[in-house]
Amino acid sequence: MRLSGRVALVTGGSRGIGRAICEALADAGAAVAINYQGSERAAREVAREIAEAGGVADIFQADVSQREEVQRMKKQVLARFGRVDLLVNNAGITRDRTFVRMDEEAWAAVLSVNLNGVFYCTKAFLDGMLERRYGRIVHISSIVGQTGNYGQANYAAAKAALLGLTKTLAKELATKGITVNAVAPGFIETEMVAAVPEETRGKIVKQIPMGRLGTAQEVAKGVVFLLSDDASYITGQTLNVNGGMYV
Ligand code: NAP
């Protein structure tokens with residue numbers, strides 16, 4: 001198995017894309033630390049499913065936008081698994097409205113989780129990767145960070161920032177055995193997209209050359225590739241998983 005012997009942490013692993021990433025990592029042989037914020041039952045369900053399939057997983061509660069909570073999670077994950085080799089910064093939220101209507105709360109909330117959360121989690125686990133001179137980091141960005149999107153100034157800004165962060169970290173860590181890449185999903189069938197009104201979703205699908213939304217599993221396959229040794233010479237890149245919507 002491609003990832004046997006590796007320990008992975010997936011933020012926001014309780015639902016949607018994060019859940020599919022946890023399952024795909026466990027399938028590939030990694031032990032998986034599943035982070036969640038509020039959906040404990042869902043997180044337990046992911047861990048149970050992985051265990052039933054013969055894998056190893058445990059759940060860890062933390063709001064990634066809170067540095068102290070991330071530090072607490074770090075202690076718990078290290079106590080359980082000893083180290084983190086593979087970090088997937090997946091946790092994300094939306095607070096959509098046009099820029100004219102966007103208040104500071106909506107701006108700050110999205111930047112806190114989608115960008116500061118990545119800062120806190122990467123800070124927390126990078127020192128161990130540096131000590132062992134091995135690590136793989138994947139940031140889950142979005143097509144919206146590449147194209148912008150009506151009503152998503154906060155989200156687009158955070159997701160675009162992740163691409164700059166990816167390239168910079170890749171350069172800083174290239175000689176240390178650590179690769180840093182991003183995955184930019186297009187529109188994927190999860191609860192996040194289910195929250196978009198039906199009519200808007202219909203319009204989005206018309207703009208996708210493949211004529212359908214993607215699945216969380218299709219995103220997860222790209223993530224597993226970037227975390228595997230098959231991607232040993234790939235760093236600072238963005239893998240677009242978007243059905244041809246942005247090329
Ligand atoms: P989702 O179904 O809404 O799930 C979001 C996940 O993030 C949940 O597991 C949630 O955990 C977790 N989360 C939210 N806030 C958190 C926090 N403060 N601390 C820790 N975990 C937190 O979303 P999704 O569609 O799977 O999206 C996953 C990632 O892909 C996000 O970064 C999103 O921006 C990105 N993305 C999604 C799409 C898409 O079309 N769906 C497209 C491009 C990019 P709890 O439920 O436990 O709170």
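In listed order, ligands and their atoms are each counted from 1.
Of all atoms in ligand 1, numbered sequentially from 1 with element shown, those under 4.0 Å from a heavy atom of Ala62 are 19 (N), 20 (C).
At least one cation-pi condition fails for Arg44 and Tyr36: the charged atom is not both under 6.0 angstrom from the six-membered ring centre and inside a 45 degree cone around its axis.
Within 6.0 Å of the CD atom in Glu68, the count of heavy atoms belonging to other residues, nucleotides or ligands exceeds 12.
Taking each of Gly92, Ala109, Gly117, Ser141 in turn, the one with a heavy atom nearest to atom 44 (C) of ligand 1 proves to be Ser141. With distances taken over non-hydrogen atoms, the option nearest atom 1 (P) of ligand 1 out of Arg15, Met73, Gln37, Arg19 is Arg15.
Using a 4.0 Å cut-off between charged nitrogen and carboxylate oxygen, Asp229 and Arg6 count as a salt-bridge pair. Between Glu23 and Arg19 there is a salt bridge, since a side-chain N of the basic residue sits under 4.0 Å from a carboxylate O of the acidic one.
The side-chain heavy atoms of Ile93 and Val110, taken from C-beta on, include a pair separated by under 4.5 Å.
The shortest N or O to N or O distance between Val64 and ligand 1 is below 3.5 Å. Backbone and side-chain nitrogen or oxygen atoms of Tyr155 are examined, and one is located within less than 3.5 angstrom of a nitrogen or oxygen of ligand 1. Below 3.5 Å of separation, one finds no N or O of Val193 facing any N or O of ligand 1. The N/O atoms of Lys159, backbone and side chain alike, include one that comes under 3.5 Å of an N/O atom in ligand 1. Any N or O atom pair closer than 3.5 Å counts here, and Asn114 shares no such pair with ligand 1. The shortest N or O to N or O distance between Ile188 and ligand 1 is under 3.5 Å.
Heavy atoms of Asn90 come nearer than 4.0 angstrom to ligand 1 in at least one pair. Distances from ligand 1 to the non-hydrogen atoms of Gly186 include at least one value under 4.0 Å.
With a 4.0 Å heavy-atom cut-off, ligand 1 is reached by the backbone of Phe187 but not by any atom from C-beta on.
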